[in-house]
Amino acid sequence: KKIVGDIMTEDDPWLGAKEPSIYVIGFESFGCPFCKDNQKDIKKMINKFGNIVRFISKDFPTEGLHPNVFKAHLAASCANDQGSYWEYRNLLFKDQNNFTESNLKSLANNLGLNLEDFSVCLDDEKFSKEIRQDYSNGVQVGVVGTPSYLVNGELIPGAITYDIWEEIIALIINQGI
């Protein structure tokens, strides 16, 4: 849990329990097709175990593989600034092949975000340092690809199906880890 405490920050978007017994930190890239496919399993896991699990989102943009993905991570952080991270995140995963600046701004507009504030945030790369720090934190704990999950301090690389999430959570509960 010390590892979790060392890399969590106040501004990290999260879902689930306010006082969790299980912390899941997801290192994901909006350009990663495996991350996209894994979203339904994460949502199902949070719906069932959200009273004991906190899912924390960390940026791990796969810049060498997916064009403009860093800009997409910046845009999600700008949406978070306006309280719409999760809705914006869903749109990014839905439309993975279009991270142009005009499309990122269009998505913000479609969500009803303040477009002027969003554009200034995006153009100024306001959250660049935080995204780079998330990436660095991921590398420090052993993340080499996306998705990767840190579950109560233990790194689990790769997509995790809902059935496996159930097994992991049951194991933690039964062993009091």
Side-chain angles (χ1 to χ4, degrees), residues 1-62 69 72-96 107-108 110-113 118 127 130-131 133-135 137-138 140-143 145-177:
K1 286 193 179 176
K2 181 184 180 332
I3 293 171
V4 173
D6 287 347
I7 65 174
M8 277 188 351
T9 59
E10 289 291 319
D11 63 347
D12 289 331
W14 59 273
L15 293 172
K18 288 188 191 314
E19 306 266 334
S21 51
I22 300 171
Y23 288 89
V24 176
I25 299 176
F27 290 90
E28 299 169 309
S29 172
F30 294 124
C32 165
F34 306 108
C35 298
K36 175 183 180 174
D37 293 344
N38 210 206
Q39 295 308 299
K40 66 183 181 315
D41 295 300
I42 290 168
K43 287 175 184 160
K44 193 172 177 183
M45 181 265 292
I46 290 295
N47 285 338
K48 180 163 184 184
F49 299 105
N51 60 328
I52 60 168
V53 171
R54 177 181 292 185
F55 179 83
I56 301 140
S57 180
K58 286 285 195 179
D59 296 291
F60 204 83
T62 48
V69 73
H73 281 266
L74 286 169
S77 294
C78 293
N80 188 44
D81 219 18
Q82 295 188 40
S84 295
Y85 175 80
W86 297 100
E87 298 87 347
Y88 197 87
R89 168 193 169 99
N90 291 341
L91 294 176
L92 290 173
F93 277 127
K94 196 174 183 181
D95 194 11
Q96 280 189 316
L107 294 175
N110 293 346
L111 281 178
L113 301 183
F118 182 88
F127 294 101
E130 286 88 341
I131 293 166
Q133 186 60 55
D134 281 359
Y135 189 91
N137 287 340
Q140 287 170 3
V141 298
V143 174
T146 57
S148 289
Y149 302 97
L150 201 59
V151 182
N152 279 7
E154 294 294 321
L155 184 64
I156 304 173
I160 302 173
T161 64
Y162 174 73
D163 293 340
I164 300 297
W165 277 120
E166 276 191 320
E167 288 179 29
I168 291 168
I169 292 167
L171 182 70
I172 292 169
I173 292 168
N174 292 336
Q175 292 186 350
I177 298 173

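Throughout, residue positions are numbered sequentially from 1 according to the sequence presented.
- Without hydrogens or angle criteria, Gln39 side chain to Phe93 main chain gives no donor-acceptor distance under 3.5 Å.
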Evaluate the criterion side chain to side chain contact (heavy atoms under 4.5 Å, CB included) for residue pair Ile164 and Thr161; output intermediate values, then yes/no. CA-CA 5 Å; Ile164 300 297; Thr161 64; 3.2 Å; yes
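- Proximity of a side-chain donor or acceptor of Asp134 to a complementary backbone N or O of Lys58 within less than 3.5 Å is not detected.
- Contact check on Glu28 versus Arg89 returns a salt bridge, with a Lys/Arg side-chain nitrogen under 4.0 Å from an Asp/Glu carboxylate oxygen.
- Ring-centre distance between Tyr149 and Phe27: not below the 6.0 Å cut-off.
- Residues Thr146 and Ser29 have side chains that never bring a donor and an acceptor to within less than 3.5 angstrom of each other.
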For Ile173 and Ile52, what are the C-alpha separation, side-chain angles and deciding distance, and is it a side chain to side chain contact (heavy atoms under 4.5 Å, CB included)? CA-CA 10 Å; Ile173 292 168; Ile52 60 168; 3.5 Å; yes
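- No more than 12 heavy atoms of other residues, nucleotides or ligands sit less than 6.0 Å from atom OH of Tyr135.
- Asn90 and Lys43 are linked by a side-chain donor-acceptor pair at a separation below 3.5 angstrom, with hydrogens and angles left out of the test.
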Given the rule in the side-chain hydrogen bond (donor to acceptor under 3.5 Å, both in side chains) test, do Ser77 and Tyr85 qualify, once you have shown the distances and angles that lead to the verdict? CA-CA 7 Å; Ser77 294; Tyr85 175 80; over 6 Å; no
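- Atom CD of Glu87 sits in a crowded spot, with more than 12 heavy atoms from other residues, nucleotides or ligands closer than 6.0 Å.
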Step by step, work out the salt bridge (Lys or Arg N to Asp or Glu O under 4.0 Å) result for Glu19 and Arg54. CA-CA 8 Å; Glu19 306 266 334; Arg54 177 181 292 185; over 6 Å; no
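- Between Phe118 and Tyr88, the ring planes are tilted. Angles from 30° to 60° get that label.
- For the pair Lys44 and Tyr162, the distance from NZ or CZ to the six-membered ring centre is under 6.0 Å and the angle to the ring normal is within 45 degrees.
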